[in-house]
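This report concerns only the one structure given below.
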Protein chains: 2
Amino acid sequence: MVANRAGASITTVSRVLNAVPVAVSAALRQRILAAAKELDYRPNALAVSLRKGGATKTIGLLIADISAPYFHVLTRGVEDAAQEAGYTVILCDTDRNPQKELKYLDVLYRKQVDAVIFAGGGVDDDRHLHGRNWGSIAVVTVGPHTLPVPRVEVDDRAAIAAAVAQLVEQGCRRIACISGQQNWLVSERRRDGYRQGLIAAGLPIDERLDWPSAFTLETGEACTKQALDAGLEFDGLVAFTDEGAIGAMRALKTAGLRIPEDVAVVGCDDTRIAPLTDPPLSSLSFPLHQMGVVAVEIVLAMKSGLAVENRRFPFELRVRTSSQRSK
Amino acid sequence: MVANRAGASITTVSRVLNAVPVAVSAALRQRILAAAKELDYRPNALAVSLRKGGATKTIGLLIADISAPYFHVLTRGVEDAAQEAGYTVILCDTDRNPQKELKYLDVLYRKQVDAVIFAGGGVDDDRHLHGRNWGSIAVVTVGPHTLPVPRVEVDDRAAIAAAVAQLVEQGCRRIACISGQQNWLVSERRRDGYRQGLIAAGLPIDERLDWPSAFTLETGEACTKQALDAGLEFDGLVAFTDEGAIGAMRALKTAGLRIPEDVAVVGCDDTRIAPLTDPPLSSLSFPLHQMGVVAVEIVLAMKSGLAVENRRFPFELRVRTSSQRSK
DNA sequence: TTGTATGCGTTATCAA
DNA sequence: TTGATAACGCATACAA
C-alpha cells in the first residue's frame with residue numbers, strides 16, 4: 001500500500017525502507033519515505049521472519065511464577081538484555097508443572113522463538129525435557145537443571161553449606177532446615193548443601209530436623225510450629241527461601257523464642273524483604289539480574305555460532321541480625 | 001515435508017492436521033498422522049497468522065518494571081488469563097519512559113500483537129500516546145490513564161482518602177504524604193485523594209507535608225529524614241507505595257519515634273511485604289490478580305466485537321499495627 | 001477422496 | 001534506476 005501511494009513498486013519500497021545499497025532516485029525515495037510516514041507504515045514482522053528464514057527476535061522465558069520473589073530481578077535482567085539486543089520476551093509461568101512446561105514449549109516452537117531460557121531450577125530432573133530435539137532453538141538453563149545445554153548457575157550446595165557454617169560459628173549445634181518440594185531440583189541441591197554443612201562441622205544429621213515445605217511463608221510457619229509442638233529442640237535454622245524463613249520466625253516469635261538468641265535464622269535468595277523483617281533476616285544473595293543478562297548473552301552467542309561456556313556466579317552470605325549473636 | 005514423507009499433498013496434510021470436516025481415507029490419514037508425529041511437526045505460527053489475516057494470539061503487556069512489587073501479581077493475572085485463552089504475553093518493561101514505550105509499541109505493531117495492555121498508570125498524561133491509530137489492536141489500560149480506551153481501575157483518590165480518614169480517626173491531625181513522581185498520573189490521583197481526605201476531615205493543607213518521592217524505600221527514607229531534620233511536626237503519614245512507607249518507618253525509628261504512637265503510617269498496594277514489617281504495615285489493597293485477568297477478558301471481548309465497559313474495582317484498607325493505636 | 005493453484009507481506013533474484 | 005516474479009509455510013477456493 002505504501003508502494004501504491006508512492007507510485008512505486010513494492011520492490012523499490014522495500015529497498016528504500018531497508019536502506020539496501022542500490023541507487024534509487026532522490027525523487028522516488030522522497031515519495032516513498034513520505035508515503036510510509038503518512039501511512040505510519042511498519043513492516044509485518046511475521047512476513048519478514050517467514051521470508052528471511054525463521055529468526056523472530058523472540059525469547060521464551062520459562063519460570064515457575066512471576067509473582068514469586070526469586071524471579072522478579074532475574075526476569076528484569078533477561079528483559080533488559082533482550083531489549084538491548086532488539087529481542088522480545090515471552091513470559092511463561094509454568095508453576096514448575098511439567099504439563100504446563102510442555103504446553104508452553106509447544107507454543108514457543110510454533111511461534112518460532114529463537115531461544116528458550118529455563119530459569120529457577122527443574123522439576124523431577126527435567127525428565128520430560130530430556131532427549132528432545134530443540135531444532136534451531138538456543139536453550140540455556142538458569143539455576144539447577146540437568147538439561148545438556150549451557151548453564152548459568154550458582155553453587156547452591158556451597159551456598160547453603162556456608163549458611164550452616166555461619167550458624168555453627170554462632171554456636172548453633174542443632175540446625176534445622178526448611179527445605180522445599182522433594183522433586184524440585186533446587187531443593188535437592190540445597191538439601192545436599194545443608195548436609196554437607198553439617199558434616200563439615202562434624203555435626204550429626206538428624207532427619208527430624210529436615211522439614212519439607214513449599215517455599216512459602218505459610219508452609220514455613222506451619223512446619224516450624226509443628227516441630228515446636230512436637231518438642232523438637234534446635235538452635236539454628238536455615239530456610240531455602242526468605243519467605244520460608246519469615247514464616248519460621250513468626251512461629252518462633254509466637255512460641256516466645258528469641259531470634260537469634262534462642263534460634264538463629266538464615267534465609268535464601270536475599271529478596272527485598274530480607275532486610276526489612278524483624279529482626280532483619282540473614283540471607284544468601286545471588287546476582288540475579290546479572291544472571292538474567294548473561295543467560296540472554298549466552299543464547300545470543302549460540303545463535304551466532306560462537307562457542308559458549310557454562311557460567312557460574314558467586315553467592316554472598318549477607319549476615320544480618322537474625323543470625324548474628326552478640327557476644 | 002510432512003506431505004512428502006506421507007506421500008500426500010500439503011492440502012490433505014493441512015486438512016488432517018486441522019481436523020477439517022472433509023472426508024479423508026483412513027489409510028492416508030494414518031500415514032499423515034504418523035509422519036507428523038515422527039517429524040515432531042508443528043505448524044509455523046508465523047505462516048498461519050500471515051495466511052489467516054493477522055491474529056497472532058499475542059498480547060503486549062507494558063509495565064513500568066517487573067521487579068517493582070505492584071506488577072508481580074498483576075502480571076501473573078494477565079498471564080494466567082492469557083494462557084487460559086491460548087494467548088501469549090510479551091513482557092515490556094518501560095520504566096514509564098515514553099521513549100521506551102514508543103519503541104516497544106513499534107515492535108509490538110510489527111509483531112502484529114492482537115492487544116496491548118498498559119498497566120500501572122501513565123506518565124505525563126500519556127501525551128505521547130494520544131491521537132494514535134491503534135489499527136486492529138485492542139487496547140486497555142489498568143490504573144490511572146487518560147487514553148480513550150476501556151479502563152480497569154480502582155478509585156485511587158478514594159483509596160488514599162480512606163487512608164487519611166483512618167489516620168484522622170486514630171487522632172492524627174498533621175498528616176504527611178510521601179507522594180511520587182510529579183509527572184506520574186498515579187501520583188497525581190493519589191495526591192488528590194490525600195488532599196480530599198484532609199479536606200473531608202476539616203484539616204488544613206500544608207504543602208510542607210507533601211513530600212515528592214520516587215516510590216522506593218530509599219527515597220521514602222530520605223524525604224522522611226529530611227522532614228525530621230527540618231523539624232517538621234507530623235503525627236500521621238501516608239505513602240503511595242509500601243516501600244516508601246517502609247523507608248519512612250526506618251527514618252522514624254532511627255529518630256527514636258514510635259509507630260504508631262508518635263507517627264501512624266499507612267502504605268499503598270498491600271504488597272507481600274506489608275504484613276511482615278515491624279510493625280506490620282497498614283496498607284491499601286487492590287485486587288491486582290483479578291484486575292490482570294479482567295484486562296485480558298476485556299481485550300478478548302474487544303477482539304470479538306463485543307461491547308465492553310470500564311471496570312472499576314473496590315479497594316480495601318488493611319489496617320495493621322502501623323496505624324492502629326491502642327486506646 | 002484428493003490435489004492444484006492462489007495469496008497473506010515481505011525480501012531476493014533476475015530481467016529490463 | 002526500476003520492476004516483475006518467485007518463494008517463505010500455510011489455508012482455502014476450486015478442480016478433478
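Quick note on labels: first sequence line is chain A, next is B, and so on, each numbered from 1.
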Quickly work out the [X] [atom1] to [N] [atom2] distance and round it to whole Å.
X	N	atom1	atom2	answer
B/N4	D/dG9	CG	C1'	14 Å
B/K57	D/dC10	NZ	P	18 Å
A/L17	C/dA12	CG	C1'	16 Å

Please list, chain by chain and in numerical order, all residues satisfying salt bridge (charged side-chain N to carboxylate O under 4.0 Å, His left out) with A/R76, sequence neighbours excluded.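 A/D80, B/D65, B/D93, B/D95.
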Not counting sequence neighbours, which residues clear salt bridge (charged side-chain N to carboxylate O under 4.0 Å, His left out) with A/D155? List them please.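 With sequence neighbours excluded, A/D155 shows a salt bridge (charged side-chain N to carboxylate O under 4.0 Å, His left out) to A/R312, given in chain and number order.
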Would you list the atom pairs, donor with acceptor, under 3.5 Å between side chains in residues 55-63 of chain B and any protein atom, with sequence neighbours excluded?
unit_1: B/T56; atom_1: OG1; unit_2: B/Q112; atom_2: O; d: 2.7
unit_1: B/T58; atom_1: OG1; unit_2: A/K111; atom_2: NZ; d: 2.8
unit_1: B/T58; atom_1: OG1; unit_2: B/T56; atom_2: O; d: 2.9

Quick one: label B/V22 by what it contacts on the DNA or RNA (base, sugar-phosphate, nothing), any heavy atom closer than 4.0 Å. base
So which pairs with a foot in residues 58-77 of chain B pass ring-ring contact (aromatic ring centres under 6.0 Å, His included), sequence neighbours left out?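 Matches after skipping sequence neighbours: A/H72-B/H72.
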Residues in ring pair (Phe, Tyr, Trp, His ring centres under 6.0 Å) with B/F215, at least two apart? B/W184
Classify every nucleotide of nucleotides 3-10 of chain C by which part a protein heavy atom approaches to under 4.0 Å, writing B for the base, S for the sugar-phosphate alone and - for neither, in 5'-to-3' order. BBB-BBBB
Measure across A/T75 and A/L91 and return the closest heavy-atom pair with its distance rounded to 0.1 Å.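 So the minimum-distance heavy-atom pair works out to CG2-CD1, 4.4 Å.
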